[in-house]
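In what follows, a structure is listed as structure tokens, so that the remarks can point back to it.
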Amino acid sequence: MASTGQSLTSLKKREATTANNRDGDQLIITPLGAGNEVGRSCVYMSYKGKTVLFDCGIHPAYSGMAALPYFDEIDPSTIDVLLITHFHLDHAASLPYFLEKTTFKGRVFMTHATKAIYKLLLSDYVKVSKVSVEDMLFTEQDINNSMERIEVIDFHQTLEVNGIRFWCYTAGHVLGAAMFMVDIAGVRVLYTGDYSREEDRHLRAAELPQFSPDICIIESTYGVQLHQPRHIREKRFTDAIHSTVSQGGRVLIPAFALGRAQELLLILEEYWSNHRELENVPIYYASPLAKRCMAVYQTYINSMNERIRSQYANSNPFEFKHISPLKSIENFNDVGPSVVMASPGGLQSGLSRQLFDRWCSDKRNACVIPGYVVEGTPAKTIINEPKEVTLTNGLTAPLNMQVHYISFSAHADYAQTSTFLKELMPPNIILVHGEANEMGRLKQKLVSLFADRNTKIITPKNCQSVEMYFTSEKMAKTIGKLAEKVPEVGETVSGLLVKKGFTYQIMAPDDLRVFSQLSTANVTQRITIPYSGAFAVIKHRLKQIYESVESSTDEESGVPTLRVHGQVTVKQESENHISLHWTADPISDMVSDSIVALVLNANREMSKVVVESEPVVSEEEDARKAEKIVHALLVSLFGDVKFGENGKLVISVDGNIAHLDKQSGDVESENEGLKERVRMAFQRIRSAVRPIPLSA
Amino acid sequence: MKTPSPTWSPSTALTSSSTAVGTTTLMPLFWSPSPGPTTPPPFYLRNVYHFKFLLKRALTWVAPTVDAVLLSHSDTLHLGALPYAMKKLGLSAPVFATEPVYRLGLLTMYDHYLSRKQVSEFDLFTLDDIDSAFQNITRLTYSQNYHISGKGEGIVIAPHVAGHLLGGTVWKITKDGEDVIYAVDFNHRKERHLNGTVLESFVRPAVLITDAYNALNNQPSRRQRDQEFLDAIMKTLRADGNVLLPVDTAGRVLELILILEQFWEQHKLAYPIFFLTYVSSSTIDYVKSFLEWMSDSIAKSFEHTRDNAFLLRHVKLLINKSDLESVPDGPKVVLASMGSLEAGFSHDIFVEWVSDTKNLILFSERGQFGTLARMLQADPPPKAVKVTMSKRVPLVGEELAAYEEEQNRIKKEEALKASLIKEEESKASLRTELPVNDQMVLDANNTHSSSNAIGQRSEAFRDVLIDGFLPPSTSVAPMFPFYDCSSEWDDFGEVINPDDYVTKDVNIDQMLMPVDGELAGKLDEGSVSLILDTTPSKVVSTELTVQVKCSLIYMDFEGRSDGRSIKSILAHVAPLKLVLVHGSAEATEHLKQHCLQHVCPHVYAPQIEETIDVTSDLCAYKVQLSEKLMSNVLFKKLGEYEIAWVDAEVGKTQNGMLSLLPLSSPAPPHKTVLVGDIKMADFKQFLASKGVQVEFAGGALRCGEYVTLRKVGDASQKGGSAAIQQIILEGPLTEEYYKIREYLYSQFYAP
């Protein structure tokens, strides 16, 4: 059903095909961000004139306009729907900008939890980002305005906007994270966003969609890496912390305020509860933001897994006994061992950086990096354990603290990705949200994995479009009176083709009001014409022109009437008037016009009425005349029309030659397009030249 | 004892929709066991017995054939029969509901069971049955298209917002593009905690099943009603009286709570409000996590301020009546279940408060037929009512010995058991005082009483009589039975000594297993103690007559669309066929006549057990539209539709599908159709904009000097015979005539 290829091959295909509405079948996917990189996720998709944008993030390693996805590549006003998968900055943070500063006027959807956290998170982002006013992408006010425009969608809820149907699945990455499935005219595209197939302490694993999509746009953050089993990771994490604090050291956990942080806090809380000896070591959680988000976590427990929900039944698992919040570094009484979780996760600035600067030279201390770190951030640098680091004040200091990198980030690893794709079996896979090298390795592995199936795996760069063609079979349902009998091959079907969204129905006109909200109408026309002559004269004249003229008398008024052509009734209303009645349709309108003309003529030429014998026109002459007209019309259409053999006409246009059989209407030509056009033209000419059949 | 009325409603929802799904052929056979001629009494004590018989008679043959059960609301009217049907009638079909309907339905059933259990021998089902019935419910979200697999392949079901109750559902069942809509108890009005129904967004479904319950009711405006409601409460409180609101467990009560909360907050009132059911704290806990199912305004306020609307500041949650008793005297508002006053806390409080003129009992929903609530809502209200005070007490002394002896005897004489007990009980039912001593019920093994005996015994509990003049001799000295509440309490609630339960019986473990940890945790402690209480006990009843001196008010807080709105919604939805269930005979007939005239020609109002066949007579087949055909089709856009005329030849594709190809010969002429809906007013404007003088005169549109345009037959009467618009254009032969005709044509599309 689908044909795929990148630009070059697709162009060839377009030439090869003759169908003229091929463009409508073209599906374009363009990453505006997150193409061969991690950050500023934004993927543009267009099919059948419908346009969807997935995610709208910023790049955490850049600031100002440079952090935005390449919005210039598209016309924001054409986008119908914008779908946000989760609240992380690299997936949602350019939304206020996009909504307020561009021409975008479509609709935006995200899940309830995402929307609730989005606002808190972005307000915080605006507050802490220390860029100049000109570089500010948006203000607090823009965020508030954007809240008005964001609509919510629940998991599995199917919505339809402008013919685009979409719904979402649990993605498991953070609270409220969703994978979106979009269905346009039967072609399904799955956008995973960030997802994880592993259930953890509070989140469900990503679901496997019920239907296989035609295209799967999937994240590739971890490429071909494999995660350690969860319990081992947790053990390494707690061991590292335990040994550090028991030696009197301090532990810094730079983590993004929301998402994984909650999971880590749950782990720490549990560990502290089980290890009484640690009771005196304080755990600080330096994020007022996370505190504010707790209400959201407490409310949307239905989006979390059974485990946390059963805990919730007894007490709120997010009310920690051993963990206390820390407002700022000024309030921090830094004596003795402690564990501090602080944001941002990349150590770019803020509290986590301040603590790092303070602690990095002491070898008793440790820094546990608990998740994926974006390229270009200080956290990425220290993972490689350099000898020295540059502090915020510009000085260099030795890096003596231990650095542990234990990934808890809820992104799928290779095992999860490959099983997910194997079960889903999408014929087309587009990799996004991954660093170029990782993505390349993942592509290689997937190619060999799906070698026996004709699966296309594509890794577009930012702004590089993937074009695919889906010749969707258009199916129609014939319903109502028209469908009382299923027709045999060769029979004809005539009726109204009604299209709504991407569904087609064929029905008889009478059924239109039954199966749709449309209604039909009859227009009855009644026109009065002054005429003072004898009614018989008109009758006579009409008989000369029309084959069918029935005369009778009107039942009510007793005036004589004529019924012309079975459609138009002529009535003698009074001495001075006659009236015409008919139900509007093109033929009746024409007949009535001719009657009107005739009556007006009769008025004028009242005295000249003479009965003449009808001149007999031979059919032969008719045919000759018709032939002349046909030829003349064809010449006017195609230019070069010659008489050929066997009474055929030879038509040549731009070197292409078509032979037209005037009797049967058959056309022979090398060129399909010309053949079709000549055939069509000839059919129309013939129906114009020939008399109108009476039985309409 | 009344003869079993032929009305039965708990599984209205259950069966009518389920059979729809059941048959895999195109929408089939509807078995609609609901509303006959009287208002259906729901699932109240006495009716439970009727219900049982009816169930036996009616449901037994159908239960095993049901293929799916769709639950639409969380109240007993809509899902009360589920545990029974699952357990006794072999109903094993998959059950579908929204998350709130599942959760709150479960809590409602718990509360219901525990309320009944306190005052009667209730053995239709146990808590285990409730748990196991609810365990396998598939939970869906609004507008989730669920594709049924297996037998019903090709059927898609989707819940949609119904209003009325939290999570309330209008079910849309789709097969081959044809929709069957099941919409009972919907509310189009937006409320404090709920959005209005989306029923109006469905157009032209093949079948619409709805209720006629409110067809004859009209409501005052919400603002006015709320004001009166609060005024009545405040008046009583200021006069030092108490207010009792008999409510349901987890449905409409939420709206009342929000109204009160808001008012109390606004006016900084200090009068205490209590919400008393066996499951009140779990109810509110769960409701707090259902924000996404509530109204937009609630969601919005949470997004902006993270204020959960159900973080109650003024309403205190109680799960035990003794808590209420420990509250210092003074005016207060109590919301207590059940709304019928037949059992539950509301019943007890009613008896205590009814004879004080200062007090107010405010009904927020119409009492179901034959309940105490209904009697009190009569106009004028009865001066006195006879009520039965029943209380479960542990067996002591001789009774306990007798019970144990009885148990032993039962074990030994298995064979003789049935007949013996029957005898005993028939004797017992003749006695008027205490029931017999074998009434130990919470033992799961002890389900030996035959339904027959129960029916007879229930006569002893037939509790309410209207008796305004002569108090019977038995109630000369009305007195409340008094029992010492021996349980200790600490900060966490009642102190439970685990040993008490461990030694008793292995049953306890089994009982708690299906509760699934999570549920067990969620149950309030009071109810846990009730579940765990397996000491032999009996129900002691005393009858007494109480003078009704307090004020009684009924206000419509049912959250259902009223008659007028129902009619307009039905006219808008315009189903091809309409099935009316659940409503009094009068209301059903009224709505039926109305719909026959204005909505559609096929209206059915089946009696109970009557099977109606609403199989679609629609013919349909699928064809493929070939690329060649489509390339020559020019669509014309009309609203959200695009239409075109096609003449095509039928061919076959490689895989045997029919396909439409372009005709090889010129198309035969066809009758002209004018498609479009012309509104005279719009057309007038249009003409005016074109510079034609127009005015309405005598029902016709006068265009220019001479031409008139009239419309006969109304297009809004869909389904009626005059559905095609008839437009008459009259005038003398002038240029104007042709000009106006041209304009008129431009309003239509003639393919």
Side-chain angles (χ1 to χ4, degrees), chain A residues 19-21 112 115-116 119 147 154-158 295-296 299 301-302 309-310 313-314 473-479 483-484 486-487 489-500 504 506 509 512-513 516-529 585-586 596 683 687 696, chain B residues 99 141-145 177 203 289 291-292 303 306 308 517-518 521-522 618-625 627 630-631 635 638 640-652 660 663 666 669-670 672-677 715 723-733 737 748 751:
Chain A
N20 50 8
N21 58 350
H112 289 85
K115 189 179 176 189
K119 176 168 186 264
M147 286 296 281
D154 208 347
F155 291 102
H156 301 127
Q157 183 180 4
T158 308
V296 181
T299 300
I301 50 156
N302 285 320
R309 283 156 75 185
S310 57
N314 300 318
E473 289 177 357
K474 292 191 189 73
M475 296 299 298
K477 214 171 99 178
T478 315
I479 49 173
E484 274 165 13
V486 178
V489 172
E491 284 183 67
T492 58
V493 172
S494 300
L496 283 174
L497 181 63
V498 180
K499 178 184 177 199
K500 188 187 180 192
Y504 295 87
I506 302 175
L512 187 65
R513 62 187 175 79
S516 75
Q517 284 158 290
L518 297 170
S519 53
T520 54
N522 276 337
V523 177
T524 311
Q525 303 192 37
R526 185 165 164 274
I527 191 165
T528 47
I529 312 165
D585 74 62
V596 169
Q683 250 177 40
S687 54
Chain B
E99 179 79 33
T141 55
Y142 283 144
S143 2
Q144 174 178 358
N145 291 330
V203 269
S289 68
L291 288 195
E292 58 263 55
E303 280 156 11
R306 297 182 311 285
N308 196 318
E518 172 198 8
K522 256 310 178 196
L618 181 76
C619 314
Y621 62 86
K622 279 193 170 174
V623 288
Q624 192 194 342
L625 298 169
E627 203 63 45
M630 292 310 286
S631 63
F635 280 105
L638 284 167
E640 53 185 350
Y641 294 96
E642 288 175 68
I643 61 175
W645 183 271
V646 282
D647 291 297
E649 195 174 294
V650 178
K652 269 221 161 62
L660 294 184
L663 282 186
H670 61 85
T672 314
V673 227
L674 294 172
V675 182
D677 194 355
I724 297 175
Q725 310 169 76
Q726 299 290 346
I727 295 162
I728 299 175
L729 181 68
E730 282 181 310
L733 179 68
Y737 179 91
F748 291 103

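Proximity to chain A (any heavy atom under 4.5 Å) is shown, for B/Y641, by both the backbone and the side chain. In this structure, chain A has heavy atoms under 4.5 Å from both the backbone and the side chain of B/N145. Contacts between B/V203 and chain A at a heavy-atom distance below 4.5 Å involve the side chain alone, from C-beta outward. Using a 4.5 Å cut-off between heavy atoms, B/I728 touches chain A through backbone and side chain atoms alike. The parts of A/Q525 that come within reach of chain B are both its backbone and its side chain, each placing non-hydrogen atoms under 4.5 angstrom from that chain. At a 4.5 Å heavy-atom cutoff, the contact between A/M475 and chain B is made by backbone and side-chain atoms alike. With a 4.5 Å cut-off on non-hydrogen atoms, A/V493 touches chain B through its backbone and its side chain both. Only the side chain of A/L512 comes within less than 4.5 Å of a heavy atom in chain B; its backbone stays farther off.
Scanning all heavy atoms of the two residues, the minimum distance from B/S289 to A/N302 falls at O-ND2, 2.9 Å. Considering all non-hydrogen atoms of both residues, A/V489 and B/G651 come closest at CG1-CA, 4.1 Å. Across all their heavy atoms, B/P732 and A/T528 have their closest contact at CA-OG1, 3.2 Å.
Atom-to-atom distance recorded for B/L660:CG and A/T492:OG1 is 10.5 Å, nearest 0.5 angstrom. Once rounded to the nearest 0.5 Å, the distance linking OG1 of A/T524 with CD1 of B/I727 reads 8.5 Å. To the nearest 0.5 angstrom, B/E303 atom CD is 3.5 Å from A/K115 atom NZ. Here the CD1-OH distance, from A/I506 to B/Y621, works out to 7.0 Å after rounding to the nearest 0.5 Å.
Side chains of B/Q144 and A/Q157 form no contact here, defined as non-hydrogen atoms less than 4.5 Å apart. In this structure the side chain of A/H112 never reaches within 4.5 angstrom of the side chain of B/L291, judged on heavy atoms. Taking the side chain as every heavy atom from C-beta outward, A/L496 and B/W645 approach each other to under 4.5 Å.
Interface check for chain B: of the options A/P487, A/A295, A/G495, the most heavy-atom pairs under 4.5 Å are formed by A/G495. When each of B/E649, B/Q624, B/K622 is checked for heavy-atom pairs under 4.5 Å with chain A, B/Q624 comes out on top. For the options A/Q683, A/K119, A/R526, heavy-atom pairs under 4.5 Å to chain B are most numerous at A/R526. Heavy-atom pairs under 4.5 Å with chain B peak, among A/A521, A/A116, A/P509, at A/A521. Ranking A/V498, A/I527, A/D585 against chain B, the residue ahead of the rest is A/I527, based on heavy-atom pairs under 4.5 Å.
Looking at residues two or more places apart in sequence or on another chain, you find no ring pair (Phe, Tyr, Trp, His ring centres under 6.0 Å) involving A/F155.
Under a 3.5 Å cut-off, the side chain of A/D154 and the backbone N or O of B/Y142 do not form any donor-acceptor pair.
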